[in-house]
Amino acid sequence: MKPRILSGMRPSGRLHLGHWCGALENWVHLQDDYENYHLVADWHVLTTNYENTADIWTHTIDMVIDWLATGIDPNKNVIFIQSHVKEHAELHLLFSMLVTVPRLERNPTVKEQIRELHLENRVSYGHLGYPVLQAADILIYRANAVPVGEDQVPHVELTREIARRFNQLYGEVFPEPEALVTEFSRLPGLDGTKMSKSKNNAILLSDEPEEIRKKVMMAITDPLKVRRGDPGRPNVCTIFNYHKKFNSREVSEIEKDCQSGVLGCVACKQNLAEKLTQYLEPFRHKRQSLEKDRDYIRQVLEQGNRQARQQAAATMELVRHAMKIGYMMEI
Ligand code: TRP
């Protein structure tokens with residue numbers, strides 16, 4: 001039997017290259033060697049955006065179309081929506097008893113979010129606890145591995161602790177899953193800061209060639225390299241980072257010519273824009289045809305939700321029996 005993967009993303013609409021490098025590419029590469037579960041984490045959206053729920057559904061559909069367009073195969077992957085498998089909420093409640101509040105407050109990813117959103121004194125109970133919900137997402141499928149970006153590793157660590165604690169207290173039900181992280185799992189945005197659609201520093205997988213070119217031309221390079229001829233420092237240049245990932249064939253030449261000053265930033269960016277356009281071309285094609293086939297998307301999700309529910313229900317039977325709660329015992 002193949003080991004099992006579970007991973008997921010918040011539905012944020014169309015995906016960008018950061019999502020691709022952070023996780024999605026890994027999902028595609030791993031899909032033959034594992035049994036794969038991928039969830040749209042729509043409940044997780046509420047942690048930072050509970051007032052505004054109007055777009056969650058369209059963002060879900062846009063994201064699933066992107067997943068399929070990159071090659072996630074519905075015959076090899078269970079693709080489903082978190083809020084459509086209510087068992088996650090039950091397991092979350094049970095797990096929430098096994099975790100202390102100070103343990104949750106130490107989570108570096110949650111801390112960073114709180115800092116970035118200036119939430120210091122008004123973090124909700126649900127927001128602080130979302131890594132516990134994530135542990136339930138993972139463990140309810142008894143997953144062995146979790147392919148995610150670097151920022152999610154603390155959550156997988158917590159998941160392992162919860163699995164261990166549960167098994168100790170109630171008997172062996174859960175495996176301890178490991179995080180699978182790749183080399184480019186934190187591709188920076190075009191301005192060198194964290195890639196995010198709202199900061200307008202992201203290239204979307206679905207961007208047209210002209211948009212790609214415009215965005216790349218605006219990117220920040222080595223601030224000390226002002227004109228062609230100035231020697232550049234590839235190791236501080238965002239564009240060079242992208243060449244490493246998307247233009248590996250020319251990367252050593254680019255490094256040399258940037259350092260010597262022969263290569264100017266404009267030409268270097270034009271080259272990258274072209275490589276990115278080629279790289280994303282097949283994806284854009286596939287996306288266009290998926291866009292027109294809404295019935296197919298619905299079918300994929302209905303089937304995925306059904307398969308996920310079945311598996312989640314089976315695990316919850318084990319959990320309830322281990323904990324001796326939530327079913328009728330002998331009277
Ligand atoms: N927390 C993840 C994010 O913000 C999404 C997520 C929810 C997830 N449940 C998960 C990721 C389970 C991996 C496994 O993107």
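Because only heavy atoms are used, hydrogens play no part in the values below, and waters and symmetry mates are left out as well, while side chains stay in. Start at 1 and go down the list; that is how both ligands and their atoms are numbered.
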Worksheet item: So K245 and N241, side chain to side chain donor-acceptor pair (under 3.5 Å) or not? Walk me through it.
Response: CA-CA 7 Å; K245 168 74 189 165; N241 218 324; over 6 Å; no

Quick one: nearest non-hydrogen protein atom to [atom], plus distance?
atom                    : answer
atom 14 (C) of ligand 1 : L6 CD2, 3.6 Å
atom 5 (C) of ligand 1  : G8 O, 3.8 Å
atom 15 (O) of ligand 1 : R10 N, 3.9 Å
atom 1 (N) of ligand 1  : Q134 OE1, 2.8 Å

Practice prompt. Run the salt-bridge test on K215 and E211 with the 4.0 Å N-O cut-off and return the result as yes or no.
Written response: no

Worksheet item: Would E35 and K2 pass as an ion pair if we require N to O under 4.0 Å?
Response: no

Any N/O pair [X]/ligand 1 closer than 3.5 Å:
X    : value
S7   : no
H155 : no
D137 : yes
Q152 : yes

Practice prompt. Please could you name the atoms of ligand 1 that V148 approaches to less than 4.0 Å, counting only its heavy atoms?
Written response: 13 (C)

Worksheet item: Which atoms of ligand 1 sit under 4.0 Å from any heavy atom of I138?
Response: 12 (C), 14 (C)

Discussion item. Check for me whether the distance between the ring centres of Y141 and F80 falls short of 6.0 Å.
Written reply: yes

Worksheet item: Are side-chain heavy atoms of S12 and H19 found at a separation under 4.5 Å?
Response: yes

Fill in: Flag side-chain contact, heavy atom, 4.5 Å: F174 against T315
yes

Response to the item:
Only residue of W67, Y34, Y37, W20 satisfying ring pair (Phe, Tyr, Trp, His ring centres under 6.0 Å) with W27 is W67

Item to complete: Quick one: do I5 and Q31 satisfy side-chain contact (heavy atoms from CB on, under 4.5 Å)? Show the steps, please.
Response: CA-CA 9 Å; I5 274 175; Q31 63 183 335; over 6 Å; no

Worksheet, complete the sentence: Logged contact type for L133 with ligand 1, heavy-atom cut-off 4.0 Å, is neither

